[in-house]
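Below: the structure, in structure tokens.
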2 protein chains.
Amino acid sequence: MAVDRLYALLERLGNLLRTEERAAGLRHGLQPVHLQALRYLQSCNRYSNTPAALTEYLGLTKGTVSQTLLLLEEKGLLRKQPDTEDRRVVHLLVTEDGRAVLKEALPPALFKRALTGLPGEGEALEAALTGLLRSLQAANAQRSFGACGTCKHFQREGPGRFRCGLTKEPLSREDSQLLCREHEAVPQGP
Amino acid sequence: MAVDRLYALLERLGNLLRTEERAAGLRHGLQPVHLQALRYLQSCNRYSNTPAALTEYLGLTKGTVSQTLLLLEEKGLLRKQPDTEDRRVVHLLVTEDGRAVLKEALPPALFKRALTGLPGEGEALEAALTGLLRSLQAANAQRSFGACGTCKHFQREGPGRFRCGLTKEPLSREDSQLLCREHEAVPQGP
DNA sequence: CCAATTGGTATCGACTCGATACCAAATGCG
DNA sequence: CGCATTTGGTATCGAGTCGATACCAATTGG
């Protein structure tokens, strides 16, 4: 049965990845989930670097994530900054130390080697995985956390000048490449 | 950078899978690792249903796996059977209850839907994942746990009659489809 | 025959994770 | 406005994973 075989493959790869991440984090006294949190926070935009967004991304409960963040803050890999508009919200900023740890640890050496050696820059793999992820998210009513520039709210106003149709804020070229919790894929025309 | 994007995709899918597995196991008081152990034991051959093999498959330490097995045995999902040849070894047999739990829980509904809906039965995905896994295992000097019939020790002796070149034992058609810890891919000729 | 290796278990501590409870700020509605 | 509801976040607790270490029994290899 093809579905079972596919599932077994995914599970197996997921375990390998977790094991490697565990080993990579061990050198810094970090668990897999810590590295994952840092990686997300480093690649998301300013609307999405909050505990709530991270909670959705990781698929855990907010209490659990709150603990994770506490540890990262104690280790000096993370800094909390209160939001200026909404005083309940804090923003999570990866420190220089945090970036250094991430750069050293992710992707784990094993994956870096394997992924780099893939034929055609792994284009086939990326296409297949993207399709699967989209399908999963659609079935799950889950946020996609895609890059800002691929969102249906993304508006081009000129060369290098963009705007988010949701927040109405202007966006830089760098902004457009960051992950956003409000991301919605553009509907595929027939 | 393509490698980082690929890695992010893999990590994200792995987390989703874990979350779903957690939810699926919750109904039976099981953790993700328990379901994974059961699934492996149900699909491996008689050389590979031991704690040591499972330990390698899951990438954990033998102590950890021993605990996992203890719990599964207590719940009646697993039965231990001493090996007749080597009196240190035990074989792990999934009980009827264990099979029932597995059938109900894996793959999680979300994945079953998403995988079933993939174009071309997910052939592209399977090819891409298999390639990646092979590449990872090669780089890691890790066992592949492939199906018996695809192993370099697998010998055809006639219609429906096979033999393992390593253990010299005869193999049935069913045997040939089970996962084996001694599995080695046939070397690709140029 | 005895060391080294292998398969497995037991115990301990660090840590994840969910559940529950809780607080403060924002929002919605009469 | 006023008050219930919702949202963002934290604190605390218990169950359970996981690695490390130690240990035992059986096998293997000189």
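Chain naming here is simple, since letters A, B, ... match the order of the sequence lines and numbering starts at 1 in each. Just so it is clear, the values below take in all heavy atoms, side chains as well, and ignore hydrogens, waters and symmetry mates.
- Under 4.0 angstrom from either OP1 or OP2 of C/dG18 there lies at least one side-chain N or O belonging to A/T64.
- Taking side-chain N and O atoms only, A/R87 has a distance below 4.0 Å to OP1 or OP2 of C/dA25.
- Applying the 4.0 Å criterion to OP1 and OP2 of D/dG19, one finds that B/T61 has a side-chain N or O inside that range.
- With rounding to whole Å, B/L71 atom CG is found 14 Å from D/dA15 atom P.
- Among the nucleotides C/dG18, C/dG7, C/dT16, the one closest to the side chain of B/K62 is C/dG7.
- Look at B/R79 and B/E73 and you find no salt bridge, because none of the NZ, NE, NH1 or NH2 atoms lies under 4.0 Å from a carboxylate O.
- With values rounded to the nearest 0.5 angstrom, B/F154 atom CZ is found 9.0 Å from B/D175 atom CG.
- Proximity of B/H34 to the phosphate of D/dG16: no side-chain N or O atom is located under 4.0 Å from OP1 or OP2.
- Set against C/dT9, D/dT27, C/dT16, the side chain of B/K80 has C/dT9 as its closest nucleotide.
- Checked against C/dG7, D/dC13, D/dG9, the side chain of A/Q67 finds its nearest nucleotide in D/dC13.
- Distances were taken from every side-chain heavy atom of A/D86 (C-beta onward) to each of C/dC17, D/dG19, C/dA26; the shortest belongs to C/dA26.
- B/V65 comes within 4.0 angstrom of no nucleic acid atom, judged by non-hydrogen atoms across all strands.
- With a 6.0 Å cutoff to the six-membered ring centre and a 45° limit on the axis angle, A/R39 does not count as a cation-pi contact of B/Y7.
- Residue B/S66 places no side-chain N or O under 4.0 Å from the OP1 or OP2 atom of C/dG8.
- Applying the 3.5 Å distance criterion, the base of D/dT27 shares no donor-acceptor pair with the side chain of B/R88.
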